[in-house]
Amino acid sequence: MADYRHILLTVDFSDDSDQVIGKALDMARRNGARLSLIHVVEYTSSMYAGDIPLPEDLDLDRRLAEQAVDKLRQLAQDHGISEAKQLVEIGVPKREIVRVAEEIGADLIVIGSHGRHGLQLLLGSTANGVLHQAPCDVLAVRIGRQE
Ligand code: AMP
């Protein structure tokens with residue numbers, strides 16, 4: 001197995017997060033690797049009310065990012081990894097995860113995957129998008145019910 005030195009753990013704060021976190025912590029321990037955490041606040045401007053795009057609300061994005069900083073800090077504390085670098089970005093999750101992985105020189109991204117296929121895969125999930133663009137290895141942790 002390759003020795004990983006810097007692992008980027010992607011966190012969406014869903015109920016499934018624990019499985020992804022557990023796997024990343026295990027990989028970090030086995031490899032003696034540094035760990036960084038990332039959560040991406042999705043642009044509110046990318047949300048839609050039916051066919052009508054909502055106007056961009058930068059203030060809302062900023063407030064959501066502030067909340068995410070607190071949640072990420074709490075999560076790191078709960079898992080005994082307060083020393084891990086904690087990053088909150090605003091944007092499209094798969095793009096920001098790939099950009100930050102490049103920026104910090106991560107050599108492994110740990111991400112949850114629902115194991116979607118067929119049409120759902122074509123439409124794209126975060127894990128699928130990251131897998132195709134990542135500058136490094138990606139560990140896709142199978143979460144939820146398997147089909
Ligand atoms: P999804 O394909 O959106 O269901 O998400 C699958 C996995 O992608 C999650 O388990 C997380 O590891 C990661 N992920 C999804 N959304 C975000 C986000 N906003 N910030 C960071 N990681 C995310």
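Atoms within each ligand, like the ligands themselves, are counted from 1 in listed order.
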Which of the numbered atoms in ligand 1 are under 4.0 angstrom from any heavy atom belonging to Ile38?
21 (C)
Please work out, at 4.0 Å between heavy atoms, whether the side chain, the backbone, both, or neither of Glu42 comes within that distance of ligand 1.
neither
Heavy-atom contacts with Val11 under 4.0 Å: which atoms of ligand 1 show up? List them by number with element.
20 (N), 21 (C), 22 (N)
Residues Gln74 and Asp70: side-chain donor-acceptor under 3.5 angstrom:
no
Any N or O of Ser113 that comes nearer than 3.5 Å to an N or O of ligand 1?
no
For Asp16 against Ile143, the heavy-atom pair lying closest together:
CB-CD1, 3.7 Å
Can you list the ligand 1 atoms lying under 4.0 Å from a non-hydrogen atom of Ser125?
2 (O)
Heteroatom proximity flag, Pro93 to ligand 1, N/O under 3.5 Å:
no
In terms of heavy-atom contacts, Ala65 and Val88 come closest through O-CG1, 3.8 Å
Would you say CZ of Arg95 has more than 12 non-hydrogen atoms from neighbouring residues, nucleotides or ligands within 6.0 angstrom?
no
When you look for heavy atoms under 4.0 Å from ligand 1, do you find them on the side chain of Val130, its backbone, both, or neither?
neither
salt_bridge(Glu96, Arg99) N-O dist < 4.0 Å
yes
Measure Asp16 to ligand 1 on non-hydrogen atoms and call it side chain, backbone, both or neither using the 4.0 Å cut-off.
neither
Quick check on contacts: which atoms of ligand 1 are under 4.0 angstrom from a heavy atom of His114?
4 (O)
Under 4.0 Å from a heavy atom of His39: give me the atoms of ligand 1 that qualify, with their elements.
19 (N), 20 (N), 21 (C)
Side chain to side chain contact (heavy atoms under 4.5 Å, CB included) between Leu9 and Ile21, worked out
CA-CA 7 Å; Leu9 164 57; Ile21 295 166; 4.1 Å; yes
Does Gly112, backbone or side chain, put an N or O under 3.5 Å from an N or O of ligand 1?
yes
His39 backbone acceptor or donor facing Thr10 side chain under 3.5 Å
no
By number and element, which atoms of ligand 1 are closer than 4.0 Å to a non-hydrogen atom of Thr10?
11 (C), 12 (O), 13 (C), 22 (N)
Run Leu131 and Ile109 through side chain to side chain contact (heavy atoms under 4.5 Å, CB included) and show every step you take.
CA-CA 9 Å; Leu131 196 57; Ile109 298 170; over 6 Å; no
